[in-house]
Amino acid sequence: MQVGGVIRVPGDKSLSHRALIFAALAEGASRIRDILPSADVHSTASVLGALGVPIPPLSADVTIVGRGARGLTAPVVDLDCGNSGTTTRLVAGVAAALPFASRFVGDASLSRRPMRRIAQPLREMGATVDVAPADGLPMTVRGGHLRSIEWRSETASAQVKSAILLAGAASGVAVTVHEPARSRNHTERILAALGATVEVRGTSVRLAPAGRLAPLHMRVPADPSSAAFLSALAVLAAEGEIALPDVCLNPTRTGFYTALSRMGANVTLDPGEAQGGEPVGTIVARPSELAAIELGRDDVPAMIDELPLVACLASRARGVTTIRGAEELRVKESDRIATVVANLRALGVNADELPDGMCIEGSDRPLRGRVVTHGDHRIAMAFGILRALPNSAIDIDDTACVAVSYPQFWDDIARAIVS
Ligand code: S3P
């Protein structure tokens, strides 16, 4: 297989959600360019619409007029978050500061995902949060006057951290969040850019009582989690190279590329000018011989969404790869430990589940069989890379679910394969 081309993958999903939410909370007209128009980001747009902030269609240049947190109005419909954990948890943080009830619902996958992790700190701040008995959706948040909080999060979760920071920002109280390891830091970067006082010390972040938030002007860089799939395709190819310009290279997001290099991959990150308050640059990936690696708890947060892809690459590497300290994978869009291992096995790969990760034995045997995605976009895309290999005969049960984060994924893969 020969690959080639320069591909600008779509805008970063985490930044796109945050750009919309902060535009809604700001006072004045925000301008967002190159937002990701994916299903998850549409969920955030429609939820903000239900809270009284009209969001225009998600084009390459969007203007949103916010009236501050007090400009948000009581929803007359349920807030349908679709498949999106980020929409639910971040907007729940905002809802905790609003003097009315907001009821969050979502699809079957989202309804099973844990919400107590945000309910607990938001309750401690003074909101009333009712979570479904099994810990998930529907969830109703009744907000009001909040108090300051210092919260120790059990997991390194940017969604938990951001829910608390947004509750603080929307209500004007100070919040401090301590994490066991550093999760992605986009929320704190945007808050600082909009004029809030944010102090970061190690794995702790403190937001001082925030006043009005200035409007946001952001050009959303390309998503490193989406670029990871094309990088993997290039690494597994026999000839050529793929260049991926304009990618967000925030160090809290680039763990996958560090892991790829440790596996022996020929991948380079070339920093350019910062954009949207984030470091941005070009990734170039080329065919490589891969060797197994061991990944542990410290490696996980900066590559949490890429671990299914790492497992798929490990199935083509020399040796046995072990991933540990990644129990968070069990509460993603699917149980990604169970899903990845079952699918690798279905393709003839030796792989085993661990309580907090998995091990995968690499080989060069052709991969044949059927992949069951459970509607999980990252499972479809990770196995889509293995399906693209010349000797593979892989059937994927649901290819449409890529619309959650990377709608033109299959087109971009087809474009990158020269022969
Ligand atoms: C996200 C945080 C991560 C990640 C998700 C997006 C975000 O979740 O898996 O895809 O935008 O804050 P956790 O914070 O729950 O780890």
Side-chain angles (χ1 to χ4, degrees), residues 10-22 35-36 38-41 43-44 47 81-94 106 109-110 112-121 135-136 151 153-166 177 179-191 203 205 220-221 223-229 248 250 252-256 276 278 297 299-310 325-337 339-340 356 376-379 381-382 401-402 404-406:
D12 186 71
K13 182 157 82 71
S14 291
L15 285 168
S16 296
H17 286 295
R18 286 161 173 78
L20 290 178
I21 294 169
F22 279 108
I35 195 166
L36 167 70
S38 80
D40 265 15
V41 182
S43 293
T44 292
V47 161
C81 301
N83 189 247
S84 177
T86 310
T87 306
T88 316
R89 297 195 178 112
L90 269 57
V91 177
V94 175
S109 151
L110 181 60
R112 285 192 294 268
R113 296 181 63 188
M115 295 298 154
R116 270 187 211 131
R117 52 178 62 193
I118 55 156
Q120 286 170 343
D135 185 9
W151 187 255
S153 178
E154 276 171 24
T155 48
S157 162
Q159 294 180 0
V160 172
K161 175 174 64 178
S162 300
I164 299 168
L165 289 170
L166 281 162
V177 185
E179 297 189 277
R182 191 149 197 230
S183 64
R184 65 191 66 188
N185 63 0
H186 306 300
T187 304
E188 39 278 52
R189 280 177 184 258
I190 298 179
L191 275 166
T203 59
V205 50
V220 180
D223 194 323
S225 298
S226 298
F229 297 107
C248 174
N250 178 324
T252 62
R253 296 288 303 282
T254 50
F256 170 76
E278 296 276 346
R297 194 165 294 281
D299 301 308
V300 167
M303 56 187 298
I304 182 74
D305 292 336
E306 288 67 73
L307 288 171
L309 180 60
V310 170
E327 57 278 332
E328 271 295 299
L329 288 180
R330 295 210 181 267
V331 292
K332 294 293 179 189
E333 286 83 330
S334 67
D335 173 345
R336 287 184 176 160
I337 294 178
T339 315
V340 167
D356 62 342
D376 184 335
H377 56 132
R378 299 212 195 270
I379 300 296
M381 293 188 282
C401 61
V402 303
V404 161
S405 61
Y406 191 168

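Counting starts at 1 for both ligands and their atoms, in listed order. Here, residue 1 is the first one in the sequence, and each next residue gets the next number.
- Relative to atom 7 (C) of ligand 1, the option among K13, H186, R18 with the closest non-hydrogen atom is R18.
- Remark: ligand 1 and E328 share no N or O pair separated by less than 3.5 Å (distance only, no angle test).
- At least one N/O-N/O distance between A158 and ligand 1 falls below 3.5 Å.
- The residues D40 and K13 are annotated as salt-bridged, a charged nitrogen and a carboxylate oxygen being separated by less than 4.0 angstrom.
- Atom 11 (O) of ligand 1 has S14 OG, 2.7 Å as its closest protein atom, hydrogens excluded (heavy atom only).
- With respect to the salt-bridge test (charged N to carboxylate O, under 4.0 angstrom), the residues R112 and D135 do not qualify.
- Residue V220 comes nearest to I35 through the heavy atom pair CG2-CA, 4.1 Å, listed as atom of the first residue, atom of the second, then distance.
- Taking R117 as the reference, E328 meet the salt bridge (charged side-chain N to carboxylate O under 4.0 Å, His left out) condition, with sequence neighbours excluded.
- Considering backbone and side-chain atoms together, R378 places no N or O closer than 3.5 Å to any N or O of ligand 1.
- Residue contacts with ligand 1: H17 is excluded, as none of its non-hydrogen atoms falls under 4.0 Å.
- Annotation: Q159 places an N or O atom under 3.5 Å from an N or O atom of ligand 1; distance criterion only.
- With a 4.0 Å cut-off on non-hydrogen atoms, K161 does not touch ligand 1 at all.
- Between the side chains of S43 and T87, no donor N or O sits under 3.5 Å from an acceptor N or O.
- Interface atoms of ligand 1 facing K332, defined by a heavy-atom separation under 4.0 Å, are 3 (C), 4 (C), 8 (O), 9 (O), 13 (P), 15 (O), 16 (O).
- Atoms of ligand 1 lying under 4.0 Å from any heavy atom of D305, numbered from 1 in the order shown and given with element: 4 (C), 5 (C), 9 (O), 10 (O).
- Looking at R117 next to ligand 1, no N or O pair under 3.5 Å apart turns up.
- What you find for S14 and R184 is that their closest heavy atoms are OG-NH1, 2.8 Å.
- Of all heavy-atom pairs between D356 and G325, the closest is OD2-N, 3.0 Å.
- Of the protein's non-hydrogen atoms, S157 OG, 3.2 Å is the one closest to atom 15 (O) of ligand 1.
- Of the charged side-chain nitrogens involved, at least one lies within less than 4.0 Å of a carboxylate oxygen, so that E188 and K161 count as a salt-bridged pair.
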